[in-house]
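What follows is one structure encoded as structure tokens, with my remarks underneath.
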Amino acid sequence: MKNKHNIYILLFLFSILTNSSVTGQWYSNGVVSSADVLTSEVGIKILKEGGNAIDAAVGLGFALAVVYPQAGNIGGGGFFIIHFADGREIAIDFRETAPLRAHRDMYLDSAGNVIENLSTKGNLATAVPGSVAGLLFALEKYGTMKRQDVMKYAIKLAEEGFQVSGRLANSINSHIEDFKMFPGTMKIFGKIFQEGDTLIQTDLANTLKEISEKGRDGFYKGKVADIIVNEMKNTGGLISHKDLQNYKPKERDVLRGTYRGYKIITMPPPSSGGICLIYLLNILEKFNLRQYDLYSAENIHLMTEAMRRVYADRSEHLGDPDFYNVQTDILISKDFAEQSFSDFDTSKATLSDEIKPMKIINEGSNTTHFSIADKHGNLVSATTTINDSYGNKVVVDGAGFFLNNEMDDLSVKPGVPNIFGLLGNEANAIEPGKRPLSSMTPTIVFSPDGKPFLVLGSPGGGRIITTVLHTIIRIIDFNMELEDAVDFQRFHHQWYPDEIQIERETIDGQTQRRLIEMGHNIKNISKFGRVDAIIFSTAGLMKGYSDSRGYGKAIGY
Ligand code: DON
């Protein structure tokens, strides 16, 4: 690698600055990495009690709804990618669905203009929650423990309370203005929190108990369903009893790709994440990334040009496969990647205005991530979301949980970006019952000899895909330690806005000048993505790492 030692000097300085360790500890029985220490502890306890990775994932998922209210949820949705010890692989899709009364122009005024905040705040922004159905489906089909035994930890944390960390206190306090509009939210989050305060959530504990006793009927029917539907009636939301009863999680085939001999399994539509990740890797596989420094103008230019093209196709061709005929096989083929990148110029940026989504010739088709590995060889890569931090900002009054604002992930109007600046079109237009297009990319990578290698994923809206991409490339192409691959700075391009978004102003002046000369626009943005990952050694030992951008923790035993 050219200038190899520059990278190591940078990494060394970087690890001093971020306090990241260069090597973590290896374990043989199990590892859990998630966004909060309390939830990782729940996962580990369940594994130690003899539960498998799926039991741990479900218990952890419910606990996130209590201690990580900004994204953990029972009012949202998510995806699981599971690799079983016996080699089977499945995706569980518990993405929210648009209510039956949703319609294409529901966020537009009579002149056809988008009404501000309608698809992001308040109950009209909410799609039918899928998390409870999805978690319980996973547990009943693939877990080994009783519902009551995996849910008791979440119930205890809600009922007896837990100590609020400084990071959570800051996060809640910084949203107080948004919360003021919603009495149910103010009841629980309407004060200024200090580090160490105890947060007790009695309504949420009662809702969790209903679910623990009655299963999915404890949420989609009966008392809790009545509270949700009443809340909707009083606040202009659309979710009805029929919507709740109709909600079904779906088991789907995982999406498969390869990168330099490594095997990738990841999330199919309604996420765009898997298709875009494999499409990006297919483009980059043709290049020797190691001939330049990781953060050189050459590599940033190359990867940006790949991202620009992939996100252009995302905007046009991806949506809920139950409503739109997504040409998955074509989009993840190596040929399509080659064709899409055939106009790449090594010295010059292609303006996004010059890039149009490719024609497909029809030849036939505040989020949080956690990763779990158990001692049997089962792996769970799970990403779940209520979309924005604290979802639509509404705590269902009397039921104690935040609702999602996932409707904003549908295209409210062609050409109008969503909160992540992503564009959409017909494939992702609003339709009753439709799942909004996601970028969540829970992924598992296997080494060329077929052994588990890496379990990972991240929050970050549209930047989830590139966050996962950076981590994989740094480990496979640049031999970086997991901790450094995760912590090192990231950049992102998504076709529009036509700019390379670079984290933390860390790009050096000379590289910046070269990129500008090539025709790129540079924008410095704050940190993005929070990877929670597990890596395996060649001997089959495992270690986890939780991104230093967040305050999570990886625990093993
Ligand atoms: O499904 C999606 O792609 C988005 N709703 C994810 C939102 C997200 O990652 C926010 N967190 N930073």
Side-chain angles (χ1 to χ4, degrees), residues 34-36 64 68-73 75-81 91-98 119-121 125-131 134 167 171 174-175 266-277 310-311 314-315 318-320 366-370 381-393 402-412 417-424 427-428 434-443 456-469 490 492 494 501 503 525-532 547 549-552:
S34 76
D36 193 285
L64 274 169
Y68 201 75
Q70 56 274 57
N73 67 82
F79 304 128
F80 276 12
I81 291 290
I92 301 178
D93 161 7
F94 49 99
R95 182 71 162 165
E96 303 91 323
T97 53
S119 68
T120 54
K121 289 185 189 138
T126 302
V128 185
S131 290
R167 292 284 291 268
S171 166
S174 67
H175 285 83
T266 183
M267 192 65 208
S271 183
S272 64
I275 288 185
C276 293
L277 176 68
V310 169
Y311 277 79
R314 180 196 189 279
S315 74
L318 301 185
D320 181 348
N366 210 315
T367 309
T368 183
H369 179 84
F370 54 94
S381 185
T383 316
T384 177
T385 189
I386 38 178
N387 197 24
D388 215 353
S389 271
Y390 305 94
N392 71 345
K393 321 292 188 238
F402 275 107
L403 285 166
N404 68 79
N405 60 349
E406 222 71 64
M407 290 296 284
D408 191 64
D409 271 352
L410 285 161
S411 175
V412 300
N418 72 1
I419 46 173
F420 306 110
L422 296 166
L423 296 173
N428 193 32
K434 197 176 193 177
R435 287 159 144 85
L437 183 64
S438 172
S439 301
M440 293 189 285
T441 317
T443 297
L456 81 165
S458 174
R463 301 188 191 106
I464 292 173
I465 301 163
T466 45
T467 297
V468 171
L469 175 80
R490 304 183 179 123
H492 170 82
Q494 59 180 39
Q501 299 170 0
E503 247 188 353
I525 62 164
S526 53
K527 303 173 192 183
F528 64 85
R530 292 175 179 193
V531 170
D532 273 283
D547 205 315
R549 293 165 185 80
Y551 58 93

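Please read these numbers as outputs of a predicted model, since none were measured by experiment. In listed order, ligands and their atoms are each counted from 1.
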Nearest neighbour in protein (non-hydrogen) for [atom]:
{"atom": "atom 3 (O) of ligand 1", "result": "S439 N, 2.6 Å"}
{"atom": "atom 12 (N) of ligand 1", "result": "G460 N, 3.2 Å"}
{"atom": "atom 4 (C) of ligand 1", "result": "D409 OD2, 3.2 Å"}
{"atom": "atom 7 (C) of ligand 1", "result": "T367 OG1, 2.7 Å"}
{"atom": "atom 1 (O) of ligand 1", "result": "S438 OG, 2.7 Å"}
{"atom": "atom 11 (N) of ligand 1", "result": "N366 CA, 3.1 Å"}

Quick check on contacts: which atoms of ligand 1 are under 4.0 angstrom from a heavy atom of [X]?
{"X": "M440", "answer": "1 (O), 3 (O)"}
{"X": "I464", "answer": "9 (O)"}
{"X": "E406", "answer": "5 (N)"}

Does a donor on one side chain sit under 3.5 Å from an acceptor on the other, for Q501 and R463?
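A donor-acceptor contact under 3.5 Å links the two side chains.
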Just by distance, no angles: are the side chains of S171 and Y390 close enough, under 3.5 Å, to form a donor-acceptor pair?
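A pair is found: one side chain offers a donor N or O, the other an acceptor, under 3.5 Å apart.
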Check for me whether the distance between the ring centres of H492 and Y311 falls short of 6.0 Å.
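Judged by ring-centre distance (under 6.0 Å), H492 and Y311 do meet the cut-off.
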Y551 six-ring face occupied by R167 cation (under 6.0 Å, within 45°):
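Checked: cation-pi criterion not met.
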Are R490 and D547 within salt-bridge range, i.e. N to O under 4.0 Å?
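So R490 pairs with D547 through a salt bridge.
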Using a strict 4.0 Å threshold on nitrogen-to-oxygen distance, state whether E406 and R435 make a salt bridge.
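Salt bridge absent between E406 and R435.
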Please evaluate residues D409 and R95 with respect to the criterion salt bridge (charged side-chain N to carboxylate O under 4.0 Å, His left out), reporting the C-alpha separation (whole Å), side-chain torsions for both, the decisive distance (0.1 Å), and the verdict.
CA-CA 11 Å; D409 271 352; R95 182 71 162 165; 2.8 Å; yes
Report yes or no: does a heavy atom of R95 sit under 4.0 Å from some atom of ligand 1?
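Yes, R95 has a heavy atom closer than 4.0 Å to ligand 1.
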Would you check whether F528 reaches within less than 4.0 Å of ligand 1, judged by its heavy atoms?
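Heavy atoms of F528 never come under 4.0 Å of ligand 1.
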Could you tell me whether H369 approaches ligand 1 through its side chain, its backbone, both or neither, with non-hydrogen atoms closer than 4.0 Å?
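The answer is neither; H369 stays 4.0 Å or more away.
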Would you mind telling me which of T126, T120, N404 makes a side chain to side chain donor-acceptor pair (under 3.5 Å) with N392?
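Looking at T126, T120, N404, the match for N392 under the side chain to side chain donor-acceptor pair (under 3.5 Å) is T126.
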